[in-house]
Amino acid sequence: MAPTKVLTGARVVLPTGTVDDGRVIVDGTRIAAGGSPGNAEVIDLSGHWLLPGFVDLHNHGGGGASFTSGTVDDVLRGIRTHRLHGTTTLVASTVTGDMDFLSRRAGLLSELAEQGEIAGIHFEGPFISPCRKGAHSERLLRDPDPAEVRKLLDAARGHAKMVTLATELPGGIDSVRLLAEHGVIAAVGHTDATYEQTVQAIEAGATVATHLFNAMPPLGHRAPGPITALLEDERVTVELINDGTHLHPAALQLAFHHAGAGRVAFITDAMDAAGFGDGRYMLGPLEVEVADGVARLVEGGSIAGSTLTLDRALQRAVTVDGLPMEDAVAALSANPARLLGMDDRIGSLEPGKDADLVVLDADFALKGVMRRGEWVVDPQPA
């Protein structure tokens with residue numbers, strides 16, 4: 001067995017606040033409560049930050065690989081790419097496709113969930129509005145028939161974690177209720193709903209806003225739309241893509257002000273180019289051009305996901321947006337872990353939880369990543 005690791009000297013972000021010159025003990029795959037045996041490996045992290053591993057609720061791929069269309073090896077490469085950037089827990093997201101294809105895809109991804117490589121599956125589409133389709137193929141969209149939603153849940157073999165719906169469409173509210181009954185997150189997104197329709201969806205059990213502000217009507221003073229309903233309800237967690245392209249900093253501040261730090265989850269909404277580079281890619285059946293790190297559909301120019309990694313989202317949150325480190329960490333770790341029902345194992349640096357850790361330098365650049373007690377990125381390479 002590997003020796004116990006004692007990480008010392010860092011600024012450690014805990015649920016109760018930040019501790020200077022802190023200490024975290026890793027015993028095997030878990031964080032230990034205390035004590036340090038004589039043969040422990042002491043790792044000095046003075047001048048660094050020590051945070052819980054990041055949890056990404058909404059991610060379509062990376063490293064040149066797609067979670068929607070790639071082979072098992074491709075998917076593993078995408079997962080590995082994001083781990084190198086601090087995401088120790090990841091939900092694999094699909095994009096709109098026909099039902100048979102998505103069912104087959106769910107089967108492949110569920111095998112990786114059973115192996116512990118991903119935390120589950122997020123179906124973004126096909127049950128979304130053609131008015132707010134973004135980078136989804138309009139010809140493959142369909143109304144959220146509860147029987148078809150159930151088909152995807154069955155194909156995922158208990159590993160479906162979230163389904164994004166335009167809940168104003170026929171069958172939308174009944175589908176929300178079905179998801180809630182099965183313990184699957186119903187997310188309002190790619191929607192043209194009114195304020196009143198969104199309130200109805202929340203009352204039926206919707207608990208997440210898929211990339212708030214994006215792919216939904218803007219906030220209006222006479223027609224407040226879904227944004228207002230999603231921000232004002234304490235039962236809803238709002239996803240934000242903090243890449244500098246999807247959101248103006250003032251919009252991010254608005255979300256934090258109204259939802260509070262406990263109801264925000266930073267996501268990547270990453271596609272294949274994350275951690276890989278500019279060029280031409282496919283997002284489902286649609287061609288995407290990535291230039292200067294921004295992904296847009298070749299036809300029409302809509303933003304097509306992002307090339308974001310969560311270490312960059314955190315760095316931007318504290319250096320550009322001026323968020324307290326504790327609020328940024330909650331949005332990257334504790335809040336999404338709670339949504340997934342996994343906060344007994346991940347999301348914070350507490351005894352008994354998985355030893356999923358991220359090390360940053362004083363400038364908030366990533367220097368180390370540990371997943372289940374093993375270094376993915378060693379902060380002190382030989």
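None of the values given here were measured: they were computed from a predicted structure.
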Answer yes or no: is there an ion pair linking [X] with [Y], defined by an N-O contact shorter than 4.0 Å?
X	Y	value
E350	R30	no
D354	R345	yes
R296	E289	no
R83	E117	yes
R142	E148	yes
K5	E41	no
D154	K151	no
D73	R80	no

Tell me whether the rings of [X] and [Y] are parallel (<30°), tilted (30 to 60°) or perpendicular (>60°).
X	Y	value
H58	H122	perpendicular
H190	H136	perpendicular
F276	Y281	perpendicular

Problem - Verdict with supporting geometry, N214 and H246, side-chain hydrogen bond (donor to acceptor under 3.5 Å, both in side chains) - result: CA-CA 7 Å; N214 296 111; H246 282 80; 5.1 Å; no
Among T268, T68, D269, side chain to side chain donor-acceptor pair (under 3.5 Å) partner for H60: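 It is D269; the other options fail the test.
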List the steps and the verdict of side-chain hydrogen bond (donor to acceptor under 3.5 Å, both in side chains) for D74 and T71.
-> CA-CA 5 Å; D74 291 335; T71 65; 3.2 Å; yes
Between the side chains of [X] and [Y], does any donor sit under 3.5 Å from an acceptor?
X	Y	result
T191	E168	yes
E232	Y195	yes
Q253	H248	no

Spacing of D56 atom CG and I267 atom CD1 [to the nearest 0.5 Å]
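That separation rounds to 7.0 Å.
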Atom CD1 in I128, atom CZ in R132: separation rounded to 0.5 Å?
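These two atoms lie 12.0 Å from each other.
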Check whether L252 and V236 end up in the same hydrophobic cluster, where Ile, Leu, Val, Met, Phe, Trp and Tyr are linked by side-chain heavy atoms less than 4.5 Å apart.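 Yes, same cluster.
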(request) Could you pull out all residues at least two apart from D343 that satisfy side chain to side chain contact (heavy atoms under 4.5 Å, CB included)? (result)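 By the side chain to side chain contact (heavy atoms under 4.5 Å, CB included) rule, D343 matches A337, R338.
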Notebook entry, point to check: In this structure, are over 12 heavy atoms from other groups packed under 6.0 Å from D292 atom CG?
Noted result: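 Not more than 12 within 6.0 Å, no.
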